Undergrad: 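There's a structure below that I have some questions on.
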Amino acid sequence: MDPRKVIVCRCENVTLADLEEAIEKGYRDLESLKRYLRIGMGPCQGMHCLLFTAKYLARKLGKSVEEVYLPRNRVPLNPVPARYFIRRDWREMTG
Amino acid sequence: MKTGLVIIGAGIIGVMTALNLVEKGYRDIMIVEKKYPGSGGSFRCATGIRASFTSLEHVELMKRSIQLWPILSEKYNIPYARHGYVWLFTREEDLEMFRCIVDFHNKNGVPTRIVSPEEIAELVPTIKTDQLVGGVYDPLAGKASCFKALLNPLAYIIRKGVKLVESTTVYKVLIESGRARGVLTDKGVIEADKVLVAAGYGSKEILRESIGVDFGLRNIPKHALITEGYQRVFKPLLIDWETSSYIVQVLHGGFLIGSSLPEEPDKPPRSRLEYPVKAVNVWIRYFPWLAYTNIMRYWTGYYVMTPDHHPLIGPLSTVENLYIATGFSGHGFMMSPAVGEVMADYILGEKPGIPYVEHLLPDRIIKGRLVKEIAVFG
Ligand SMILES: Cc1cc2nc3c(=O)[nH]c(=O)nc-3n(C[C@H](O)[C@H](O)[C@H](O)COP(=O)(O)OP(=O)(O)OC[C@H]3O[C@@H](n4cnc5c(N)ncnc54)[C@H](O)[C@@H]3O)c2cc1C
């Protein structure tokens with residue numbers, strides 16, 4: 001399959017060709033790939049793409065998935081509408 | 001292991017210093033990083049860049065940085081834009097205080113100006129200005145991608161022969177007859193001719209262990225969140241002076257809101273429900289539509305503060321071949337191009353060309369000669 005047509009990260013529209021090129025350029029750990037390509041930085045927070053990227057990277061470098069280590073997920077795990085945080089007493093609550 | 005220069009810490013400061021050295025032909029460098037590059041302050045930052053400070057030291061350092069940012073952006077493909085900053089005031093007395101700050105800026109080549117609520121509405125589409133008495137606009141300020149600013153130069157210097165050693169903690173600098181001769185790490189000794197300590201707050205412990213001096217560094221917790229990405233709504237970074245909170249639509253499109261909560265320094269920061277409450281309520285007063293955006297990520301980090309809120313940069317007079325670059329007090333990202341240049345000069349035994357930069361030598365803390373500001377600010 002044409003790597004330019006395989007989507008690795010749907011939120012940020014990253015293809016397998018982008019991933020291969022980044023690995024070629026020397027971005028060989030998940031933390032760097034995440035920031036360089038924005039894989040896993042969109043609304044799904046890497047739920048799908050990061051695991052795939054980790055497996056792909058591990059195979060490419062001949063390492064185990066544990067060795068290429070997974071980035072930490074940040075709260076909230078799913079995007080939350082800002083309006084849920086509107087409060088009349090916000091000043092008292094936040095000092 | 002043996003190398004010419006060990007840089008402790010692969011943050012933006014360590015990487016920019018190495019980049020300047022490589023560009024000057026010095027490549028025998030090993031960067032030793034506790035976790036992974038950017039994992040300290042550098043990847044958590046809000047990407048803001050400005051020269052509108054209240055000391056000559058900061059203003060001159062940042063004027064040089066702002067000359068360098070577009071050059072770096074071009075050479076290493078780092079997204080950067082001069083989108084400006086606007087300070088927003090809801091109280092007359094704040095506006096009054098800023099009149100003399102703007103005077104100071106203008107006298108020193110920083111083109112800030114006082115703006116009316118009407119002008120603010122023009123600079124910042126969709127903003128509600130009903131509670132504003134005025135603001136200050138800095139057209140020279142801007143923002144850059146903190147990810148690309150670190151990763152692209154790093155990939156370049158690695159191709160040029162610089163070694164990056166990750167997941168390795170430095171315990172101390174080894175010193176023999178008044179000279180640095182290497183570092184002790186959790187994986188053994190690395191011998192080196194010169195050592196640069198650029199380890200953020202980690203520098204405190206390293207320096208205490210190595211030379212028994214405490215430079216008074218403090219870690220002040222900061223909170224930040226970002227929404228999903230949207231089309232460009234407004235360009236400048238905005239500061240709500242009354243609540244010390246800022247909002248910036250980063251180059252990728254997300255709205256990043258940063259601020260602090262009343263907290264103890266030096267404690268590990270943690271996520272708290274109060275933070276998104278503060279962020280949202282401060283900024284929906286200006287942008288009611290913000291209520292309909294989605295918050296995607298919330299993280300914490302530190303400002304590594306020095307006693308005078310100015311960085312420690314340069315060699316130490318008491319130990320040869322030992323250099324320090326830390327304590328950026330919340331502004332290390334914007335300063336990194338100029339600091340990298342200055343540190344490379346010091347390490348190669350040249351005299352840096354930026355006015356007043358010698359006032360920032362680390363010795364000043366020991367000698368009690370702190371930097372003075374015209375007003376306490378930001
Ligand atoms: C929320 C937030 C917003 C910010 N916004 C801005 C902004 O808009 N503009 C701006 O200019 N600045 C901003 N800053 C500040 C900026 O991020 C920092 O000043 C800058 O990143 C400092 O860079 P550094 O290289 O000195 O430190 P760091 O990036 O922290 O790098 C130091 C490195 O040293 C490593 N290290 C520590 N101890 C050891 C050890 N013992 N051995 C080996 N390695 C070690 C760490 O792991 C780390 O990677 C912000 C900071 C925060 C938290």
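In this text, all values refer to a predicted model and were calculated from it rather than measured experimentally. Here is how names work: the chains are called A, B, and so on, in the same order as the sequence lines, proteins then strands, and each is numbered from 1.
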Undergrad: Would you mind reporting whether B:Asn294 and A:Val80 have side-chain heavy atoms less than 4.5 Å apart?
TA: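 Side-chain contact under 4.5 Å: no.
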Undergrad: With rounding to the nearest 0.5 Å, note down the distance linking OG1 in B:Thr293 to CZ in A:Arg83.
TA: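 Separation between the atoms: 9.5 Å.
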Undergrad: Look at B:Ser259, B:Ala279, B:Gly254, B:Pro262 and state which one has the largest set of heavy-atom pairs under 4.5 Å with chain A.
TA: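 The answer is B:Pro262.
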Undergrad: Rounded to the nearest 0.5 Å, what's the gap from NZ on B:Lys278 to CE on A:Met93? Could you check?
TA: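 That separation rounds to 12.5 Å.
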Undergrad: With chain A as the partner, which of B:His252, B:Glu228, B:Arg159, B:Lys148 has the greatest number of non-hydrogen pairs under 4.5 Å?
TA: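 Maximum pair count with chain A is reached by B:His252.
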Undergrad: Which atoms of A:Arg38 come close to chain B, meaning under 4.5 Å heavy atom to heavy atom: side chain ones, backbone ones, both, or neither?
TA: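 Just its side chain gets close to chain B.
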Undergrad: Which distance, rounded to the nearest 0.5 Å, do you find between the OG of A:Ser32 and the CD of B:Glu166?
TA: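 Atom-to-atom, A:Ser32:OG and B:Glu166:CD are 6.5 Å apart.
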Undergrad: Tell me, yes or no, whether the heavy-atom count around B:Arg232 atom CZ, taken from other residues, nucleotides or ligands under 6.0 Å, exceeds 12.
TA: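 Check passes, neighbour count above 12.
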Undergrad: Shorter than 4.5 Å, heavy atoms on both sides: which option in B:Leu150, B:Ile295, B:Ile226 has the most such pairs with chain A?
TA: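 Among B:Leu150, B:Ile295, B:Ile226, the one with the most close pairs to chain A is B:Ile295.
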Undergrad: Counting heavy atoms not belonging to B:Arg91, are there more than 12 under 6.0 Å from its CZ?
TA: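 Count over threshold, so yes.
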Undergrad: Rounded to the nearest 0.5 Å, what's the gap from CZ on A:Arg91 to OG1 on B:Thr243? Could you check?
TA: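 Rounded to the nearest 0.5 Å, the CZ-OG1 separation comes out at 7.5 Å.
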Undergrad: So does B:Arg285 have more than 12 non-hydrogen atoms from other groups sitting under 6.0 Å from CZ?
TA: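 Yes.
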Undergrad: Grab the two heavy atoms, one from B:Val277 and one from A:Thr94, that are nearest each other, plus how far apart they are.
TA: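 Shortest heavy-atom contact: CG1-CG2, 4.3 Å.
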Undergrad: Hey, is NZ on B:Lys160 packed in by over 12 heavy atoms from elsewhere, all under 6.0 Å?
TA: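 At most 12 heavy atoms, drawn from other residues, nucleotides or ligands, come within 6.0 Å of this atom.
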Undergrad: When you look at CG of B:Asn77, are more than 12 heavy atoms from neighbouring residues, nucleotides or ligands closer to it than 6.0 Å?
TA: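 12 or below, so no.
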Undergrad: More than 12 foreign heavy atoms under 6.0 Å from CD of A:Glu24: is that the case here?
TA: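 Open.
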Undergrad: Quick check on B:Arg272 against chain A: is it the side chain, the backbone, both or neither that has a heavy atom closer than 4.5 Å?
TA: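 Neither part, no heavy atoms under 4.5 Å.
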Undergrad: Report yes if the side chains of B:Asn152 and A:Tyr36 come closer than 4.5 Å at any heavy-atom pair, otherwise no.
TA: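 When only atoms from C-beta onward are counted, A:Tyr36 and B:Asn152 do touch, with a gap below 4.5 Å.
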Undergrad: Which pair of heavy atoms, one from B:Met296 and one from A:Gln45, lies closest together, and at what distance?
TA: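 Between these two residues, the closest heavy atoms are O-NE2, 2.7 Å.
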Undergrad: Compare every heavy atom of A:Gly40 with every heavy atom of B:Arg297, then report the nearest pair and how far apart it is.
TA: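 Here B:Arg297 and A:Gly40 meet closest at NH1-O, 4.2 Å.
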Undergrad: Which pair of non-hydrogen atoms, one from A:Ala82 and one from B:Val280, has the smallest distance, and what is that distance?
TA: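 Smallest heavy-atom distance, with atoms named: O-CG1, 3.5 Å.
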Undergrad: If every non-hydrogen atom of B:Leu151 is compared with every non-hydrogen atom of A:Arg35, which pair is closest and at what distance?
TA: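 In this case the closest contact between B:Leu151 and A:Arg35 is CD1-CB, 3.6 Å.
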Undergrad: Find the distance between CD1 (B:Ile158) and OH (A:Tyr27) and round it off to the nearest 0.5 Å.
TA: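 It is 9.0 Å, given to the nearest 0.5 Å.
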Undergrad: Decide yes or no for A:Lys34 and B:Phe43: does some side-chain heavy atom of the first lie under 4.5 Å from some side-chain heavy atom of the second?
TA: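 In short, these two side chains do not touch, never coming nearer than 4.5 Å.
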Undergrad: With rounding to the nearest 0.5 angstrom, report the CG to CZ distance, B:Leu225 to A:Phe85.
TA: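 With rounding to 0.5 Å, CG (B:Leu225) is 8.5 Å from CZ (A:Phe85).
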Undergrad: Mind ranking A:Cys11, A:Gly26, A:Gly42 by heavy-atom pairs under 4.5 Å with chain B and telling me who comes out on top?
TA: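 Top option by heavy-atom pairs under 4.5 Å: A:Gly42.
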Undergrad: Does B:Tyr230, at its OH atom, have more than 12 non-hydrogen atoms belonging to other residues, nucleotides or ligands within less than 6.0 Å?
TA: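 Atom OH in B:Tyr230 is packed in, count exceeds 12.
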